[in-house]
Amino acid sequence: MSLADLRAALTAELAATPEYYDFKVLRSEREGALWRVTLEPGYVFAEGQPPGQTAALGLLDESLEGASAWWGAPAKGHASVLALRVEEDQLVLQNASCAPPGPDQLIRLYPPRFLKALVEAAWDTPWAEAALALRPLLSRPAPAPAGPALNGTPFRWLRQAQRHALQALPGQRCAYLWGPPGTGKTTTLGVLLAEYLDSRPGARILLVSSTNQAVDQALVAVDKALLKGRREALRPSLQRLGTRFDPSAYEGREHLLPGTDPALLATLSRLESSRPHGGDALALKTWSDRLAALREQLHADTRRALRQARLAAMTASRATASLALLRSLDGGGRGETPFDLLVFDEASQLSLAQTLLLMPLGAAALFAGDPQQLAPVLRSREPAAKRWLGRSAFAEMPRQGPAVVLLDEQSRMAPPICTLVSEVFYEGALRVAADALQSPEWLARRQRPLADLAAADHVRLLPVKGPGRWSAQDRGPQRPASAEAVADAVAQALESGHWLPRDLVVLTPFRAQRTLLRRCLQARGIAEEAGVRVSTVHRAQGSEAPVVFFDPVDANLPFLQTEDARRLLNVALSRAQAKVLLYLSDADAASPLLAPLVQRLRLAGDSRTIIPLQALAAAPDFPRNALGQRVSAGRVTGEVQRLSPDGRQLWLVNERSGAALPLDADFWRARARSAL
């Protein structure tokens, strides 16, 4: 893939990204100096996009943090988006020039254009060529210059793979910390970076992640590790850059927060939202000069913080927008790179293009995340965009070697849930941590009855009738039968007294079904304020709950026929600690997405005698004699489920993964003859 290919990908994605979105307001409520604006679910117009695409393209997500908001009624006004509550369809606005719109009026959001910063970097030919020259390191990592070894001595509770990560990954110029759900990836990353700072007194780290929440979690993990490791003197050298952090995450950790004058940020936000009309050249020039002066002051504050920090943390979008500033930092004896180590947390959600264009900032790179969970968001359908922006650096990760450490012990999921997730998504590599299995308290929390599910029953498929349907009202796929069944099960669980509302989470891939599920629960007197969470799967990554109810609505929809859908299913199942209930129609159960999981559950515990396929192949009625039998074919054991009409192929369902493997009948006949 060439530089021209990268530029074509960015151009295609930029063209597919609307300049603005118009949302319809349900209500606006003042909260001190802020405004909370609730939007009508599903109502959005995306500039320049066909109406049929707006539902997919106009969804609220973290990319709208920092967006400029504008409205024309009841009076013209503007503000900036401080934060979003995506599952509640809410915006939190700051620096509003007047009251935002009321019910049935429109509010327009202009999202931050971080893609333009990527385009600028890609058209800086020397920088882009230096970035592309690093791509081979992703798949063929090379050793880093020798440095002090990390052994995690103050952290005796580390598991074997976590300790191995400390020992192996800092020795590579490009390394991968692969953390499946519940394995303590963020904790491991915090310990590794704390140890790195302590063992290398002059080293500097840039930590970036996909969202503000992820940045907060990773930075706090480093601070906790420094405190637990009795390295308090290093804690003030950590610095959170950016203004859209969660203040509650930093209670008692105020030393991590940026020191930029809040009044400067407020003035800059107001000015950015009040651009004069292009026809008034004098006003536009005055506005532009003032904006440039304020930005230079902000850059000076940021530059000072960056120079003082040993570890600077920000979103990848902010790092991209601040690339010129980051590049200008003095390498301080590190050659041409401003940082010794560049860390990409939640790296599976960062595009390959963005990752590469940031990589020249660091002498070494560390990618932390899980390639089996959610991928980068992509709007363009162009092949080049899919190559560069629809994949992450994990797509280039070698399968094994000293640069890759898989955290293989988890302490979230009960053993049967862990086994299911491990076999279907991780080739059997994931297991329950030994310390969890030895904890009576941990086991007791996962051995609890739920309605007719016994304490030891952890995964249940529940049948529902009928396909999904398109809802014009809620602008998306819905299935009333499963929504009613889920609501009944939630109500029954709460009535039993064995479960609290916060123990239960309901997940679905579609916002329209989420809306219907909420209505069904409200009809039973269960308001979401009571604590039962109803969420799309996309919003659930990083969370967990004792019980997960999963409703796919219609697993045969095109959206659920992709590799991204498989990752989404992994996210849904792996949130559960004790129970996971799946509501499936017959069509769902036969879909490419869910059939492997259904088959895996059906064949689990199959006690029939295993017959070698080679022995069956010696008989004259092969392969008909194998149909329905439990057989072994090489290292794979499972059930022969079907034959091709001409009898030349048979399909073996792997009883561990549920995947159907095609086998050639003539090949196995030949093996049987050669064994005689």
Side-chain angles (χ1 to χ4, degrees), residues 1-14 113-145 172-176 204-210 306 312 314-332 334-369 371 375-378 380 382-398 403:
M1 293 187 286
S2 64
L3 179 55
D5 193 50
L6 169 60
R7 289 171 173 172
L10 290 169
T11 300
E13 183 70 1
L14 196 60
R113 304 288 281 174
F114 90 92
L115 272 173
K116 289 185 176 179
L118 276 181
V119 169
E120 291 175 5
W123 260 263
D124 181 339
T125 300
W127 181 263
E129 289 178 342
L132 290 183
L134 295 173
R135 188 177 170 218
L137 280 175
L138 296 176
S139 56
R140 298 187 297 276
Q172 301 291 320
R173 284 190 61 196
C174 178
Y176 298 87
R204 298 180 63 208
I205 301 171
L206 177 62
L207 169 63
V208 302
S209 195
S210 55
L306 285 168
M314 63 182 75
T315 62
S317 297
R318 182 178 177 88
T320 305
S322 307
L323 189 54
L325 173 59
L326 294 169
R327 289 171 59 180
S328 72
L329 297 175
D330 180 11
R334 285 173 291 277
E336 298 180 356
T337 60
F339 299 94
D340 295 86
L341 181 62
L342 178 54
V343 180
F344 297 89
D345 186 33
E346 300 299 340
S348 69
Q349 298 182 55
L350 301 174
S351 72
L352 179 60
Q354 186 174 32
T355 297
L356 280 173
L357 289 169
L358 290 174
M359 276 183 66
L361 292 170
L366 172 63
F367 301 94
V377 175
L378 178 69
S380 172
E382 292 296 321
K386 292 179 181 179
R387 287 192 296 271
W388 285 102
L389 298 163
R391 304 188 309 144
S392 74
F394 276 110
E396 310 275 318
M397 179 182 70

Side-chain donor-acceptor pairs of residues 352-368 under 3.5 Å, sequence neighbours excluded:
from, atom 1, to, atom 2, distance (Å)
Gln354, NE2, Ala316, O, 3.3
Gln354, NE2, Thr320, OG1, 3.0
Thr355, OG1, Ser351, O, 2.9

Checklist entry - Which atoms form the tightest heavy-atom contact between Trp388 and Ser2, and what is the distance? => result CZ2-O, 3.9 Å

Checklist entry - What's the shortest heavy-atom distance between Ser328 and Leu325, and which atoms? => result OG-O, 2.6 Å

Next on the checklist: Please report the interatomic distance CD(Glu129) to CG(Asp124), rounded to the nearest 0.5 Å.
Outcome noted: 9.5 Å

Next on the checklist: If the condition is salt bridge (charged side-chain N to carboxylate O under 4.0 Å, His left out), which residues does Glu396 pass it with, not counting sequence neighbours?
Outcome noted: Arg135, Arg391

Checklist entry - Would you say Arg173 has more than 12 foreign heavy atoms packed within less than 6.0 Å of its CZ? => result no

Checklist entry - Say you draw a straight line from CD of Gln349 to OG of Ser210; how long is it, rounded to the nearest 0.5 Å? => result 4.0 Å

Item to check | Nearest-0.5 Å distance that lies between atom CG in Leu10 and atom CG in Leu6 | outcome: 5.0 Å

Checklist outcome for this item: Closest non-hydrogen contact found for Pro141 with Pro398 is CD-CG, 4.0 Å

Checklist entry - Between CG of Leu389 and CG of Leu350, what distance do you get to the nearest 0.5 Å? => result 11.5 Å

Next on the checklist: Under the criterion side-chain contact (heavy atoms from CB on, under 4.5 Å), I'd like the reasoning laid out for Thr315 against Phe114: C-alpha separation, chi angles, the key distance, then a yes or no.
Outcome noted: CA-CA 11 Å; Thr315 62; Phe114 90 92; over 6 Å; no

Item to check | Minimum heavy-atom distance Ala128-Ala122, with the two atoms named | outcome: CB-O, 3.5 Å

Next on the checklist: For a 4.5 angstrom cut-off between non-hydrogen side-chain atoms, does Gln172 reach Leu137?
Outcome noted: no

Next on the checklist: Would Arg204 and Leu329 count as a side-chain contact (heavy atoms from CB on, under 4.5 Å) here? Give the steps.
Outcome noted: CA-CA 11 Å; Arg204 298 180 63 208; Leu329 297 175; 4.2 Å; yes

Checklist entry - Would a distance-only check, ignoring hydrogens and angles, find a side-chain to backbone donor-acceptor pair under 3.5 Å from Glu13 to Ser380? => result yes

Checklist outcome for this item: On a heavy-atom basis, the closest approach of Ala375 and Gly390 is CB-O, 4.3 Å

